Protein chains: 4
Amino acid sequence: MIKASIIGATGYTGVELVRLLSCHPQAELAMLTTRSYEGEHIEDLFPSLKGKVEIACSPQDTARVLKESDVVFVALPHGHSVPVVQEAVKQGKKVVDLGADFRFRKAATYEEWYQVKHEAPKLAANAVYGLPELYREQIKNASVVANPGCYPTGSILALAPALRAGLIESNTIIIDAKSGVSGAGRKASLVTHFGEANENVNPYGVASHRHTPEIEQELTALAGEEFTISFTPHLMPMTRGILATCYATLKDEISEEKLRQVYEEFYQGESFVHLLQPGQWPHTKWVYGSNRCLINLTADRRTGRLVVCSAIDNLVKGAAGQAVQNMNLLFGLPETSGLDFNAIYP
Amino acid sequence: MIKASIIGATGYTGVELVRLLSCHPQAELAMLTTRSYEGEHIEDLFPSLKGKVEIACSPQDTARVLKESDVVFVALPHGHSVPVVQEAVKQGKKVVDLGADFRFRKAATYEEWYQVKHEAPKLAANAVYGLPELYREQIKNASVVANPGCYPTGSILALAPALRAGLIESNTIIIDAKSGVSGAGRKASLVTHFGEANENVNPYGVASHRHTPEIEQELTALAGEEFTISFTPHLMPMTRGILATCYATLKDEISEEKLRQVYEEFYQGESFVHLLQPGQWPHTKWVYGSNRCLINLTADRRTGRLVVCSAIDNLVKGAAGQAVQNMNLLFGLPETSGLDFNAIYP
Amino acid sequence: MIKASIIGATGYTGVELVRLLSCHPQAELAMLTTRSYEGEHIEDLFPSLKGKVEIACSPQDTARVLKESDVVFVALPHGHSVPVVQEAVKQGKKVVDLGADFRFRKAATYEEWYQVKHEAPKLAANAVYGLPELYREQIKNASVVANPGCYPTGSILALAPALRAGLIESNTIIIDAKSGVSGAGRKASLVTHFGEANENVNPYGVASHRHTPEIEQELTALAGEEFTISFTPHLMPMTRGILATCYATLKDEISEEKLRQVYEEFYQGESFVHLLQPGQWPHTKWVYGSNRCLINLTADRRTGRLVVCSAIDNLVKGAAGQAVQNMNLLFGLPETSGLDFNAIYP
Amino acid sequence: MIKASIIGATGYTGVELVRLLSCHPQAELAMLTTRSYEGEHIEDLFPSLKGKVEIACSPQDTARVLKESDVVFVALPHGHSVPVVQEAVKQGKKVVDLGADFRFRKAATYEEWYQVKHEAPKLAANAVYGLPELYREQIKNASVVANPGCYPTGSILALAPALRAGLIESNTIIIDAKSGVSGAGRKASLVTHFGEANENVNPYGVASHRHTPEIEQELTALAGEEFTISFTPHLMPMTRGILATCYATLKDEISEEKLRQVYEEFYQGESFVHLLQPGQWPHTKWVYGSNRCLINLTADRRTGRLVVCSAIDNLVKGAAGQAVQNMNLLFGLPETSGLDFNAIYP
């Protein structure tokens, strides 16, 4: 059994890792650290785990956590992962970082958008971007996996096949994304207040959201040419789920059938990414609680644009589930291990 | 007092008209027709009206309705308004049609997108498109007002100032719209089933929604050149509200401040359309139940695009409220008469 | 015009008062005080008021507020009203207190349940409990009106007719109440976090909620004998609305028809309280945003119990609407003035 | 592997069975029958199963289904199970019926409340009521298991320990239950329309719901004396979950500590039923998607009443999960097989 620990176990991402890892057939939870609930039993804090996870929360003692673990998941706010990751690498332990600190190939991009100096740019340059559908082989041999952001996961999976196939006109990409409120984390604030978020839709971070450069980095890598995108996130009155609606001008006229073929081939053999039937547009509810990404597309003759939509659960494929998928790759397990369950419907 | 009747009073749009007109200081409800609930009291069908509207529903006897009314609101599915409107015009009564039948200047466009032959193209050509912020003077003298669709209302108001000012590159407009479930009407269906719509977001009618040509007609008129747009509606897990997120490439670099000025001037003196403070993006909750449209925008230097968002209540400014606003214009009343209330918050 | 000020204008109750008073035909808003947003314009803080209420928030300077006002609404947490009310009484100004400080005839009850010493027990003993359907005449001549709590309003209105008619067996009353999240106020907390409150129902304050003695005080007064009740509030995944489901053993067998007659007579002529048709159980949605209370009941022969349910909007009839109703009584206005609008449906 | 078929696989209960059984380590899905979607692939109908369940739906050919199966789950509306169950028994196949037809010991009770003649009263008398926490041993040897209703499951589990211990005064039990909309099934109707159910709470079936006699039957069996109860179900604006708030007068004064001990002992060793920490009242969200039942209670000294609350997921412990738990017992598997996962939180 792989001994897995979670640093920052009591945020929404951390607790989702507990949910998944406590049911994983080849992993067992070692330590759960937290700043706020030291000593308390996780199942008393989160009765959704009642009778299943009998672990008391620990303070964040990195040395001890690493000693007790084969792999460490870091679910801390950006800017806090570096010391943990450095120590893990030194001790030869695997680490999956769910924050932004190790996602960027160029530290300068990180520093520009996050407005903070990167303390370990070299380490970051060697980390692998943990999107298994693009970087599977590299992840297998990585020591540090930078788990992608939730919006980037859905957006990149939606556009990757078309970009790799060279079908998209440069700088025509617009991503209009819609996320459930859990994406804003567990911290109480007016933004996440039920009275404000219920029966409401609103854009935020327009033309300035930090996931923009992360998406651009990967789209650029896929296309082999520089891409600048428009990205607009929106807050939806629901708990989980991200829908990414992506628009891009097609270089040449191409039939929808041909486009579907490009996508089918790209995702051939993937366990978690599926193209839906023609005309069947993704619903976020269809991936609720699961690690799947559902995609559909159309080639709009009137405008010459590709419209492609993807749905993921922001806390699973967009965070904790993808992290477990990465752990599976790191340890040579079947990629679906511990993740082979259906979405909750209705 | 203006005697107002509603044909099709028991759908969501019809009942919203009842809500508004029953509190209008210069109007009184004459007849409410329905196919399903003949003879029943509207306040027993809709206890939200309890103690306030004591009218029994009538069958749809057009002649009698017209006789009893100064103005008739038609809230029927598309394809059913023509005979009522013809008769109203013959009798010299004012009519506000909330369906699509009279919205198109070219019957051919209607026929292509709605897949039905238009029975009164000449009458339609003379109808006025009932968006008061654009056609105020024409509405005042109209006999038939074609009340705009809900998506077009929000989308056109968001883009009108920039188009009229000639700032937008042709054929670069993308409108990504999000609507509450009430937009799908009161008829029970799997689409509107709570188990399907709750905790869910999904696109529909991608590149094929019937509001597309209606928006294109008006954007084209504003810009003075042909516009083809991408329009994607989405269903949100909420009852009311439409957010339209609009993207368009700017012809020339222009500062956000300058753009705001263009919008401020365009909507100067409007009672129902407001530009929010810089950085304050519209929430649909802020217009819940009201006739207002809230707008904000940014000029994104990285991409050269204008991003502009508008929020309306689909049943008020997007349907019944705008219809009452049109009635006010038709009868020379203050435009805010019966509509001068705040949104319900939270 | 009555000059009305609100002390504590930026909580959910305060802002609801702004919504209502800004549309009241015989009142005008004078001052809005707040601790958190001094100097900011209320319509920028709450764009639901955009274009309608152009007032900047003031600090809480009681003397100045009273000088500028004919009536003051106090929407502060319990324990903070006394100095304001004392000063208002001294200056001969009317005051409607929306907190708990003046609701109890016996200061000891207040002190026991709220665990705080009452600083003005004599003043409290002279305040009138502001439930117009029970205390209309006293309110008209009051100087201090203690606006009822939200749960008590719905619960007392549901049970009053049966108690006054002497139909209920002592100590058999159970009230199971369900409230929307806005009842918990605007302060961000884990309880009101969308991620916690959405798709969730939970009881709280079981057998210990502070509205229990307030309900008991009024039921006891109605029945003329001491009543101890079981009261359980629940949090619902919705913004507004309270449903109170009340159970009570009937002293004697009585037909449902007879019971309905008792209720019809009791509420005869009331503008805001309505008995629904037989079998039509109240929906909170039917009172959303309105000052109405909808009631229905059954006499269950199998168990000998009366089951009676009431629905109110917790922020309107349960708080701000009732406060305006009380203001109307205090100033000799029609009771429905500024409150004569329909609920928002759907 | 146990071959399991589902008759009525495309309602919410049927699809939930598919979700669970497709991940069960000792079972495999054989046939899925449906009236509406014959020939269609279940994963196209329900993309929540995408890539996991590649079965085409069959017509309801009972003989063939039984031939291909070791166990049959019947998820049909009441009144439709009898012929299937009769045939299954004849062929010696196990059957779990999720409808009401086999839940009643006395056919007369069924006939009175369901207003339909029972076609197989003798078979019904021999069926075992499938609540494993009460009838574990009988279920193991049963051939027909009558899976309990959703409301009865939560209500009985909440009250069983107190009744078996003889603590409850006869005829003082009131159960106020709150259910998510999925309990009303997948059929489109005005009741389940998002526009009606969202932002709404309402009681229904007051003093007349068909789960009443089912609960009474089991409470009576537990207490050893006849119990008549008040039962009021309510519809909540959420998809899944039932909260049952139960009130009962205690025969003698008993400390909360002692009561907790009674409950702890009763559910000692149970995998799916847990008493929460003192003061921690159940949230339905904490059981979302899981087979658990969470309980808490208080002994209210002021009123002499026990207040006990339970939370279940109506589609899991209240239907499909409990059915799988029963299958596990029928086939000698560990009771948690295929059910040992956590609730989805948040």
Side-chain angles (χ1 to χ4, degrees), chain C residues 171-174 176-180 193-208 212 216 228-232 234-243 245 247 249 279 281-286 288 296-305 307-309 311 344-346, chain D residues 171-176 178-180 193-208 212 216 228-232 234-243 245 247 249 279 281-286 288 296-305 307-309 311 344-346:
Chain C
N171 290 337
T172 63
I173 292 179
I174 288 172
D176 188 285
K178 297 95 182 160
S179 173
H193 192 299
F194 189 89
E196 311 290 313
N198 185 41
E199 193 63 28
N200 184 49
V201 173
N202 67 279
Y204 67 100
V206 182
S208 63
T212 310
E216 286 178 348
T228 305
I229 64 163
S230 286
F231 171 66
T232 314
H234 297 75
L235 204 63
M236 300 284 106
M238 59 189 205
T239 303
R240 286 168 177 250
I242 285 180
L243 187 84
T245 309
Y247 305 86
T249 301
W281 292 94
H283 290 216
T284 56
K285 178 175 275 298
W286 295 342
Y288 194 96
N296 216 337
L297 59 84
T298 195
D300 182 9
R301 275 165 196 271
R302 293 178 66 252
T303 61
R305 287 197 188 97
V307 187
V308 55
C309 295
I344 306 268
Y345 162 91
Chain D
N171 290 338
T172 62
I173 293 178
I174 289 172
I175 300 171
D176 189 285
K178 296 95 180 159
S179 174
H193 193 299
F194 188 90
E196 311 291 314
N198 186 42
E199 192 64 28
N200 184 47
V201 173
N202 69 280
Y204 67 100
V206 183
S208 61
T212 311
E216 286 178 345
T228 305
I229 63 163
S230 286
F231 172 66
T232 314
H234 298 75
L235 205 62
M236 300 286 107
M238 61 189 202
T239 303
R240 286 168 176 248
I242 285 180
L243 186 85
T245 309
Y247 304 86
T249 301
W281 291 94
H283 290 217
T284 57
K285 175 175 277 295
W286 295 341
Y288 194 94
N296 215 339
L297 59 83
T298 196
D300 181 8
R301 274 166 196 271
R302 293 177 66 251
T303 60
R305 287 195 189 100
V307 186
V308 53
C309 295
I344 306 268
Y345 162 89

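Chain letters run A, B, ... following the sequence lines, proteins first, then strands; residues in each count from 1. Only this structure's heavy atoms are used, side chains among them; waters, hydrogens and symmetry mates stay out. No experiment lies behind these values; they were computed from the predicted model shown.
- For chain D, the nearby part of T212(C) is the side chain; its heavy atoms alone come within less than 4.5 Å.
- With respect to chain D, the highest number of heavy-atom pairs below 4.5 Å among L235(C), T172(C), T245(C) belongs to T245(C).
- Proximity to chain C (any heavy atom under 4.5 Å) is shown, for I344(D), by neither the backbone nor the side chain.
- Remark: F231(D) engages Y151(D), H209(D) in a ring pair (Phe, Tyr, Trp, His ring centres under 6.0 Å) (not counting sequence neighbours).
- Using a 4.5 Å cut-off between heavy atoms, F194(C) does not touch chain D at all.
- Side-chain atoms of M236(D) and V201(D), non-hydrogen and from C-beta on, do get closer than 4.5 Å to each other.
- The closest donor-acceptor contact from the side chain of E199(D) to the backbone of K285(C) lies at 3.5 Å or more, if one exists at all.
- Heavy-atom distances place the backbone of N171(C), and not its side chain, under 4.5 Å from chain D.
- In terms of non-hydrogen atom pairs under 4.5 Å with chain D, the most contact-rich of T232(C), T298(C), T249(C) is T232(C).
- Both the backbone and the side chain of R240(C) come within contact range of chain D, each with at least one heavy atom under 4.5 Å from a heavy atom of that chain.
- Panel note: side chain H193(D), backbone G195(D); a donor-acceptor pair is recorded below 3.5 Å.
- Across every non-hydrogen atom of W281(C) and W286(C), the tightest pair is O-CZ3, 3.3 Å.
- When each of N296(D), T228(D), T239(D) is scored by its heavy-atom pairs under 4.5 Å with chain C, the top score falls to T239(D).
- Between E196(C) and N202(C), the closest side-chain pair of non-hydrogen atoms is not below 4.5 Å.
- Only the backbone of I229(D) comes within contact range of chain C, with heavy atoms under 4.5 Å apart.
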Audit row: N200(C), M238(D), side-chain contact (heavy atoms from CB on, under 4.5 Å) steps and yes/no: CA-CA 7 Å; N200(C) 184 49; M238(D) 61 189 202; 5.6 Å; no

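- Contacts of I242(C) with chain D are absent, with no heavy-atom separation under 4.5 Å from either backbone or side chain.
- For N198(D), the part lying near chain C is the backbone, with the side chain staying farther off; criterion is any non-hydrogen pair under 4.5 Å.
- With a threshold of 4.5 angstrom between heavy atoms, V307(D) approaches chain C through side-chain atoms but not through N, CA, C or O.
- Counting heavy atoms from C-beta on, the side chains of R305(D) and I174(C) come closer than 4.5 Å.
- Considering only residues two or more places apart in sequence or on other chains, D300(D) meets the side-chain contact (heavy atoms from CB on, under 4.5 Å) condition with A207(C), S230(C), R302(D), T303(D).
- The candidate from C309(D), G241(D), P282(D) with the greatest count of non-hydrogen atom pairs under 4.5 Å with chain C is P282(D).
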